[in-house]
Amino acid sequence: MPNVLRAVTKSKPLKPLKTSFFNRDPRAVSRELLGKVLVRREGRKRLTARIVEVEAYLGEGDPAAHSAAGRTARNAVMFGPPGIAYVYFIYGNHYCLNVSCLPDGEAGAVLFRAAEPMEGIEEMARRRGMELQSTRDLRNLTSGPGRLAEAFGITRERDNGKDLTDSRSDLWLGEDGSAPPRILTTKRIGITKAAEMPLRYVMADNAFVSGPRVRLAGRMRG
DNA sequence: TACATGATGCCCT
DNA sequence: GGGCATCATGTAG
C-alpha cells in the first residue's frame, strides 16, 4: 500500500439514508448531507467517500437550476420523487451527480461537489487516470463534481434515475454516525444566474473541498 | 499560485 | 447555434 494511503479515514458500518431525508427543502438536505457517505459497489469492490461540499438547486423558482424552465426529458428526475440520482453531462467532458429533493411533482436537487475518499482509493485513482504520489494527488481524486463522478464511474446512462436510498443498489448514500460537521456557506460555483445566493455548503477546515485554498478563504467572508 | 483558454457533446430555442 | 452546475494545461509572475 502506498504511503499516501496511510492517513485515510477508515469506514465504519453504514446505514442507508431514508427517502424522507430527501423529502425536504434542498437547503436543509444540503446541510445534513455534509458528513454522509457516498457508496459505489463494483462487484466485490466498494468505493466510499465522505461528502464535504454540495450545492442546493431550488427548483422552478431558482434561475440557476436546470428545472427553471419547467420539466423536460433531461431534468425529469428533478421533478420526480425524492432520493433519486439526477446525473447530467456538462461541457462535453463531465458528468455531475445530484440527488432529487422535495415530494414528487416539486423540483429541487442537491449537487455533489466534493468528497473525502475513504475506501477503494486505488480504484478511484485508476478511473481518474492518476498515480497516487502525494496527498495533493489524493485531494485531486474527488475535489470537484466532474472529478467525483469520474472517480466513482458515474454516468447518466448508468446511474440517472437510481434510488440512492437503496443499499442493495450499486450507488447509494449512508451515514456512519460521525459527528455533525461545522458548516460554511458561500456562493455557488460556475453559474451566472442567481449567482449571489449563498447555496454552496462546505465542511469547515476540510482539505478535500474543491477550488483553490486562497480563493476559498476569500469566499468564506460574507 | 493565478489566471486564461481549449477540449468537447448534449440539451434546448 | 448558443450556452453550459467543468477540468487540465499552459504561461506569466
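Below, chains carry the letters A, B, ... as their sequence lines are ordered, and counting in each starts from 1. In this text the structure is predicted, and so the values were computed from the model without any measurement.
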Note to self: In this structure, how many angstroms lie between the P atom of C:dT6 and the CD atom of A:Glu53, rounded?
What the structure shows: 10 Å
Notebook entry, point to check: Rounded to the nearest Å, what distance is computed from the OH atom of residue A:Tyr88 to the P atom of nucleotide C:dT6?
Noted result: 6 Å
Check: Does a side-chain heavy-atom distance below 4.5 Å link A:Leu164 with A:Leu171?
Finding: yes
Notebook entry, point to check: Think A:Arg128 has a side-chain N or O under 4.0 angstrom from the OP1 or OP2 of C:dA8?
Noted result: yes
Notebook entry, point to check: Roughly how many Å is it from CZ in A:Arg74 to P in C:dG3, rounded to a whole number?
Noted result: 15 Å
Check: A:Tyr57 stacking on C:dA5: centroids under 5.5 Å, ring planes under 30°?
Finding: yes
Notebook entry, point to check: Nearest-Å distance, CG (A:Leu111) to P (C:dA5)?
Noted result: 10 Å
Check: Can you check whether A:Arg200 has a side-chain N or O nearer than 4.0 Å to OP1 or OP2 of C:dA5?
Finding: no
Notebook entry, point to check: DNA chain C: A:Pro145 or A:Thr192, which has the more 5' nearest nucleotide?
Noted result: A:Thr192
Note to self: Checking contacts here: which listed nucleotide (B:dC12, C:dA5, C:dC7) is nearest the side-chain heavy atoms of A:Ile191?
What the structure shows: C:dA5
Check: C:dA8 phosphate, OP1 or OP2: any side-chain N/O from A:Arg147 under 4.0 angstrom?
Finding: yes
Next item on the list: Could you tell me whether the phosphate oxygens of C:dA5, OP1 or OP2, come under 4.0 Å of any side-chain nitrogen or oxygen in A:His66?
Entry: yes
Check: So, A:Asp163 and A:Arg168, do they make that salt bridge, N to O below 4.0 Å?
Finding: no
Margin query: Any base atoms under 4.0 Å from A:Gly92, or only sugar-phosphate, or nothing? Heavy atoms, all strands.
Written below: base
Next item on the list: Mark yes or no for a side-chain to base donor-acceptor pair under 3.5 Å between A:Tyr91 and B:dA7, with no hydrogen or angle criteria applied.
Entry: no
Notebook entry, point to check: A:Arg139 CZ to B:dT1 P: how many Å, rounded?
Noted result: 10 Å
Next item on the list: Verify the ring-centre separation between A:Tyr57 and A:His66: is it less than 6.0 angstrom?
Entry: no
Next item on the list: Kindly point out which of B:dT8, B:dG9, B:dT13 is positioned nearest to the side chain of A:Phe89?
Entry: B:dG9
Next item on the list: Starting at atom CZ of A:Phe112, determine the distance to atom P of C:dA5, rounded to an integer number of angstrom.
Entry: 18 Å
Check: For A:Asn93 and C:dT9, what is the distance between atoms CG and P respectively, to the nearest whole Å?
Finding: 12 Å
Note to self: Rounded to whole Å, how long is the line connecting atom CD of A:Glu150 with atom C1' of C:dA8?
What the structure shows: 11 Å
Check: Taking the side chain of A:Arg156 as heavy atoms from C-beta outward, which of C:dA5, B:dC11, B:dT13 is closest to it?
Finding: B:dC11
Checklist line | For B:dT8, the Watson-Crick or wobble counterpart (both distances under 3.5 Å) | finding: none
Checklist line | Side-chain donor or acceptor of A:Asn75 paired with backbone N/O of A:Thr72 under 3.5 Å | finding: yes
Next item on the list: Scan side-chain atoms only and decide if A:Arg147 and A:Thr142 contain a donor-acceptor pair under the 3.5 Å cut-off.
Entry: no
